[in-house]
A.B. asks: 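Handing you a structure now.
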Amino acid sequence: MTGDLTILANKATEIAANDFKRIDDICTFCTKKVLDAFNAERVSEAHLKGSTGYGYTDVGRDALDRVFARAFECEDALVRPQFVSGTHVLTVALFGMLRTGDKMLSITGSPYDTLYDVIGINEGVGSLKEYGIDYAEVDFKDGNFDNDAIASALSDKSIKLVFIQKSKGYLDRKTLSSKEIGDITAFVKGVRPDVYVMVDNCYGEFCEKHEPVYYGVDLMVGSLIKNAGGGYAKTGAYIAGTKECVERCSFRLTCPGIGRESAATGAYLADFYQGFFMAPHTVAQALKTASFASALFESMGYDVNPRPNSERYDIIQTVACKTPEKLIKFCEGIQAGAPIDSFVTPVPYAMPGYSDEVIMAAGAFVSGASIELSADGPIRPPYLAFLQGGLTYESGKLGVLCAAQKILELGE
Ligand SMILES: *Cc1c(COP(=O)(O)O)cnc(C)c1O
């Protein structure tokens with residue numbers, strides 16, 4: 001580390017420390033919710049074993065569903081290794097909730113890229129559209145919900161589900177707090193009490209004291225190789241919300257009539273339990289890493305979002321790298337700071353569904369897990385690096401410093 005970077009790093013550590021009390025408070029609060037849920041469900045060693053075959057009477061699986069529901073403060077949940085990814089669990093939930101002739105309305109503008117094929121914006125085979133389920137979206141207006149446009153869109157009676165993405169994902173927009181999501185949900189239900197409100201909660205879990213379902217949304221979904229798996233889960237995802245919604249989704253996950261009764265958990269359950277127990281802490285490590293990166297890169301003259309000392313509602317930190325070279329160096333640094341594949345050099349490449357080349361840095365114990373330190377960005381102005389994760393603050397900080405070092409070595 002150069003002398004300059006050492007001074008900047010010390011200053012950034014001090015600035016970030018102002019965030020740490022808030023992050024620790026939330027972590028303690030959420031840890032208590034999780035621990036209380038374990039205790040209330042009397043989780044024991046027998047619950048960690050898992051099942052084979054049809055997985056009937058899998059007591060560990062069924063108790064874990066209730067642990068999630070309690071900790072998320074909602075009626076019911078479905079936690080399964082059979083969900084292959086965040087995109088898959090979103091797909092299951094959408095197909096579970098919608099029927100031919102229905103329409104889905106996104107009120108947070110464009111959804112996550114991988115949902116384009118699911119919805120049928122890209123004319124995907126097997127899409128909602130192919131099943132006669134329509135889609136519309138209302139964009140943010142001046143960075144906030146466009147209530148007027150939402151109300152007028154809702155006059156279309158075929159709308160059965162309102163979709164909200166909590167995290168900014170890979171867009172340059174704000175991430176929503178659970179409370180904001182609750183407020184807009186109340187507004188939506190005021191206009192149309194008969195619609196379901198669903199939240200894509202990926203990257204959001206345990207960043208705040210309460211999740212969107214606590215504030216009245218009908219269901220939310222998230223991936224276990226992000227926040228809710230705590231870095232331990234090797235695969236899987238969850239759906240949480242009202243009994244009715246979770247049941248509808250369970251019939252889509254397996255089969256009508258079978259629903260949640262069948263699904264072997266194999267060797268996954270122990271990691272799911274331990275990961276969920278760790279999740280508030282792991283998320284806090286990622287938030288601290290993001291907070292440090294925000295302070296460091298702002299002091300180096302870069303635009304960052306969120307700025308230091310702001311409340312955070314997801315684990316994503318963006319840094320506007322200004323030039324393609326710097327974005328590439330940023331990602332090279334994150335890669336070099338990883339425990340796995342640190343010797344690999346990430347390069348920009350064309351990805352299906354993206355108009356610009358994308359560069360990604362990740363060296364994770366769980367393949368593709370973005371609760372572990374990772375960075376990616378499309379090669380287009382303002383050359384935003386999306387940074388997230390960090391299993392430990394210490395390793396996250398070292399990775400971020402590695403990125404800063406690489407950028408400084410470029411010179412101006
Ligand atoms: C990661 C993510 C998804 C998709 O999850 P995958 O596991 O990558 O399929 C969807 N929405 C948001 C907001 C995400 O962060």
Side-chain angles (χ1 to χ4, degrees), residues 79-95 104 106-119 121-122 124 126-128 135 137 140 163-178 180-181 198-208 211-212 217 219-231 233-240 253 272 275 279 282-283 286-287 290 305 312-318 351-354 358 360-362 364 366-378 384-390:
V79 187
R80 295 291 181 279
Q82 283 79 9
F83 291 125
V84 305
S85 65
T87 304
H88 182 220
V89 75
L90 284 160
T91 303
V92 168
L94 289 169
F95 274 96
M104 155 188 184
S106 165
I107 58 169
T108 45
S110 302
Y112 200 76
D113 290 272
T114 53
L115 285 186
Y116 281 55
D117 288 321
V118 176
I119 292 166
I121 300 172
N122 292 342
S127 66
L128 290 166
Y135 172 78
E137 64 186 35
F140 284 106
F163 184 82
I164 296 171
Q165 183 181 308
K166 177 175 170 66
S167 167
K168 65 170 165 276
Y170 298 118
L171 295 173
D172 196 9
R173 64 135 164 118
K174 75 169 173 180
T175 289
L176 301 163
S177 71
S178 295
E180 273 174 292
I181 290 173
M198 166 176 163
V199 171
D200 173 357
N201 203 34
C202 286
Y203 285 138
E205 299 88 356
F206 299 128
C207 292
E208 302 174 70
E211 303 297 325
V217 314
L219 75 164
M220 64 179 196
V221 310
S223 164
L224 294 187
I225 65 166
K226 293 179 179 173
N227 302 18
K234 304 297 184 283
T235 188
Y238 74 86
I239 295 176
L253 167 64
F272 284 8
T282 309
V283 168
L287 290 172
N305 182 19
R312 291 174 181 273
Y313 310 128
D314 67 10
I315 62 170
I316 299 179
Q317 176 66 46
T318 61
M351 272 207 3
Y354 291 81
V358 177
M360 296 189 173
V366 173
S367 180
S370 41
I371 187 63
E372 301 186 46
L373 189 67
S374 49
D376 25 56
L384 289 180
F386 291 84
L387 174 81
Q388 62 270 318

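All ligand and atom numbering here is 1-based and tracks the order in the structure.
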A.B. asks: Say whether, by atom type as modelled, one donor and one acceptor occur between the side chain of Thr282 and the main chain of Gly230 under 3.5 angstrom.
C.D. replies: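 Between the backbone of Gly230 and the side chain of Thr282 there is a qualifying donor-acceptor contact (under 3.5 Å).
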A.B. asks: Output yes when a side-chain donor or acceptor of Glu211 lies under 3.5 Å from a complementary backbone atom of Phe206, and no otherwise.
C.D. replies: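 Yes.
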A.B. asks: Please list, in number order, the atoms of ligand 1 under 4.0 Å from a heavy atom of Ser85.
C.D. replies: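 Near Ser85, the atoms of ligand 1 are 7 (O), 9 (O).
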A.B. asks: Check for a donor-acceptor pair, side chain of Ser223 on one end and backbone N or O of Ala237 on the other, with a separation under 3.5 Å.
C.D. replies: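 It does not hold such a pair.
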A.B. asks: Within the structure, does Thr87 bring an N/O atom to less than 3.5 angstrom of an N/O atom in ligand 1?
C.D. replies: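 The answer is yes, given that Thr87 and ligand 1 share an N or O pair closer than 3.5 Å.
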A.B. asks: Evaluate Gly86 for polar contact with ligand 1, using N/O atom pairs at a separation under 3.5 Å.
C.D. replies: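 Indeed, backbone or side chain, Gly86 has an N or O that close.
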A.B. asks: Are a donor atom and an acceptor atom from the side chains of Gln165 and Ser106 found within less than 3.5 Å of each other?
C.D. replies: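 No - no donor-acceptor pair under 3.5 Å links their side chains.
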A.B. asks: Looking at ligand 1, is there an atom of it that comes within less than 4.0 Å of some heavy atom belonging to Leu90?
C.D. replies: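 Contact check Leu90 vs ligand 1: positive.
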A.B. asks: Any idea which part of Lys226 is under 4.0 Å from ligand 1, heavy-atom wise: side chain, backbone, both or neither?
C.D. replies: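 Contact part for Lys226 vs ligand 1: side chain (C-beta onward).
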A.B. asks: If we set the cut-off at 4.0 Å for heavy atoms, which region of Ile225 has an atom near ligand 1: side chain, backbone, both, or neither?
C.D. replies: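 No part of Ile225 comes within reach of ligand 1.
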A.B. asks: State whether the side chain of Glu372 and the backbone N or O of Ala369 hold a donor-acceptor pair below 3.5 Å, judged by distance alone.
C.D. replies: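 A pair under 3.5 Å: no.
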A.B. asks: Please list, in number order, the atoms of ligand 1 under 4.0 Å from a heavy atom of Asp200.
C.D. replies: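 Counting atoms of ligand 1 from 1, those under 4.0 Å from Asp200 are 10 (C), 11 (N), 12 (C), 13 (C).
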A.B. asks: Once you restrict to heavy atoms under 4.0 Å, what part of Gln165 touches ligand 1? Side chain, backbone, both or neither.
C.D. replies: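 Only the side chain of Gln165 comes within reach of ligand 1.
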A.B. asks: Purely on distance, is any nitrogen or oxygen of Tyr203 under 3.5 Å from one on ligand 1?
C.D. replies: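 Between Tyr203 and ligand 1 (N or O atoms, distance only) the closest approach is not under 3.5 Å.
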A.B. asks: Taking the six-membered ring for Trp, are Phe386 and Tyr170 parallel (under 30°), tilted (30 to 60°) or perpendicular (over 60°)?
C.D. replies: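 Perpendicular: the ring planes of Phe386 and Tyr170 meet at over 60°.
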